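Let me begin by presenting the structure, written as structure tokens, before commenting on it.
Treat the numbers as computed from the prediction; the structure is a model and nothing was measured.
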There are 2 protein chains.
Amino acid sequence: MAARTRQRMIEGATRLLAVRGLQETSFSEVLHLTGAPRGSIYHHFPDGKDQLIAEAIDFAGARAVELIDSKAGSSAEEITRHFLEMWRQVLTRSDFRAGCSVLAVTIATDSGALLDRAATVFRTWRSHLAESLRAGGLSDDDARGFAAVLIAASEGAVALSRAERNLDPFDLVAGQLRKQVRELNEAQEPG
Amino acid sequence: MAARTRQRMIEGATRLLAVRGLQETSFSEVLHLTGAPRGSIYHHFPDGKDQLIAEAIDFAGARAVELIDSKAGSSAEEITRHFLEMWRQVLTRSDFRAGCSVLAVTIATDSGALLDRAATVFRTWRSHLAESLRAGGLSDDDARGFAAVLIAASEGAVALSRAERNLDPFDLVAGQLRKQVRELNEAQEPG
DNA sequence: GTCTATACGAAGATAGAC
DNA sequence: GTCTATCTTCGTATAGAC
């Protein structure tokens with residue numbers, strides 16, 4: 001079960017990043033969480049921790065892209081609602097312990113390679129979201145701008161709710177964002 | 001220079017949190033950055049690292065509150081512009097290496113006490129900002145909602161620009177936020 | 001592919017001299 | 001208030017057997 005162990009370690013690292021941050025995402029914790037054998041570490045990830053983290057970033061990035069793309073073809077309001085619901089579930093399912101794995105790396109790493117990886121993920125989210133929003137009724141500029149605001153504000157709102165350990169800040173921000181996309185859409189297609 | 005050493009350590013920890021995250025804000029790094037003597041650690045912070053971090057959170061929180069309050073009496077647009085400029089300077093002055101100290105702790109800690117401390121800071125920012133925005137022309141609801149969006153989106157936008165190591169994401173988000181507060185204000189005081 | 005054993009450094013923390 | 005010395009734990013990483 002070579003490939004399986006490897007993939008389980010990546011998913012475990014992704015989860016640990018979201019909940020405990022970069023430094024606490026140690027090999028020991030990943031092994032403990034996944035039950036993977038200790039000998040697997042440098043067999044599957046010969047470049048060590050940075051390689052595991054890089055793959056965790058890519059995995060988290062790709063998973064979110066799938067969720068974004070799954071709503072391609074819907075209205076801008078529906079795309080926004082769905083994106084926010086994804087983050088809301090990250091909070092509620094973890095009892096406010098989890099956040100964004102990619103953000104966790106961005107804030108705690110010194111490695112330019114990992115920063116580049118994180119930047120690629122964020123840029124991919126922005127472009128996929130913007131394209132869907134455009135197809136969902138927004139102008140090019142509004143779609144590009146609102147995609148960036150939606151991602152930035154979601155990341156921040158998740159962090160605020162993690163700190164407070166309740167949904168108040170997140171729901172307040174989410175409500176504002178949904179109102180905003182509605183207004184952008186109405187401005188675009190009056191009547 | 002007792003009090004001075006203590007304060008220098010707190011400010012050094014605040015800076016390290018912003019640049020390198022919670023785990024890399026070690027005593028060794030704080031001493032190296034501030035030149036404080038090793039014997040000062042448990043003299044000034046008998047409860048150890050958590051105490052130093054807690055004071056760093058409070059310090060970062062209070063410093064930002066001062067900046068927010070310094071614009072009390074201005075228009076909502078001006079308050080927004082100023083708040084965003086504060087974060088923009090965090091990025092440019094650090095060559096995209098620094099972010100928000102309070103966010104860094106929120107994402108990486110297991111300690112409920114530190115989370116509470118961070119939550120208090122975020123709530124304080126929200127309430128001061130909301131009050132200023134209300135005085136600056138927004139309705140109660142708009143002020144409360146936009147304050148939350150402004151903080152959440154700023155935190156997220158700073159992180160996006162740290163990852164990309166350029167101002168594009170931050171400036172895109174900032175432009176949207178400034179447009180939004182302008183619209184809220186016009187809706188409030190038509191004509 | 002997986003195992004044990006181990007090297008090496010750095011972390012937080014404590015004790016006791018000065 | 002500050003010093004050195006030290007304890008303990010944990011991190012990443014490597015070597016070599018199975």
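Under 4.0 Å is where a charged nitrogen must lie from a carboxylate oxygen, and between Lys179(A) and Asp142(B) at least one such pair does.
Atoms NZ (Lys49(B)) and P (dG12(C)) sit 5 Å apart, rounded to a whole Å. Atoms CG (Leu31(B)) and C1' (dA13(C)) sit 13 Å apart, rounded to a whole Å. If you measure from atom CZ of Arg38(B) to atom P of dA10(C), you get 12 Å, rounded to the nearest angstrom. Between the NE2 atom of His32(A) and the C1' atom of dC10(D) there is a distance of 15 Å, rounded to whole Å. In this entry the distance linking CD of Glu24(B) with C1' of dG12(C) reads 15 Å, nearest Å. Protein atom CD of Glu29(B) is 11 Å distant from nucleotide atom C1' of dA11(C), rounded to whole Å. Taking atom CZ on Phe45(A) and atom P on dT14(D), their separation rounds to 16 Å, with Å as the unit. Summarising the geometry, the separation between CD1 on Ile53(B) and C1' on dG12(C) is reported as 12 Å, rounded to the nearest angstrom.
Phosphate proximity of dG11(D) to Ser28(A): present, with a side-chain N or O under 4.0 Å from OP1 or OP2. Proximity of Ser26(A) to the phosphate of dC10(D): no side-chain N or O atom is located under 4.0 Å from OP1 or OP2. Between His44(B) and dT2(D) there is a side-chain polar atom (N or O) within less than 4.0 angstrom of OP1 or OP2.
With dG1(D), dA13(D), dT4(D) as the candidates, the nucleotide lying closest to the side chain of His43(B) is dG1(D). Side-chain proximity of Ser40(B) to the nucleotides dA13(C), dT2(D), dT12(D) is greatest for dT2(D). Side-chain atoms of Tyr42(B) lie closest to dT14(C) of the nucleotides dC3(C), dT14(C), dT2(D).
Heavy-atom contacts from other residues, nucleotides or ligands closer than 6.0 Å to CZ of Arg126(A) number more than 12.
Here Val19(A) sits alone; no ILVMFWY side chain lies under 4.5 Å from its own, so it joins no hydrophobic cluster.
Side-chain polar atoms of Gln176(B) and Gln180(B) form no donor-acceptor pair below 3.5 angstrom.
With respect to Arg117(A), the side chain to side chain donor-acceptor pair (under 3.5 Å) criterion is satisfied by exactly one of Asp50(A), Asp58(A), Thr109(A): Asp58(A).
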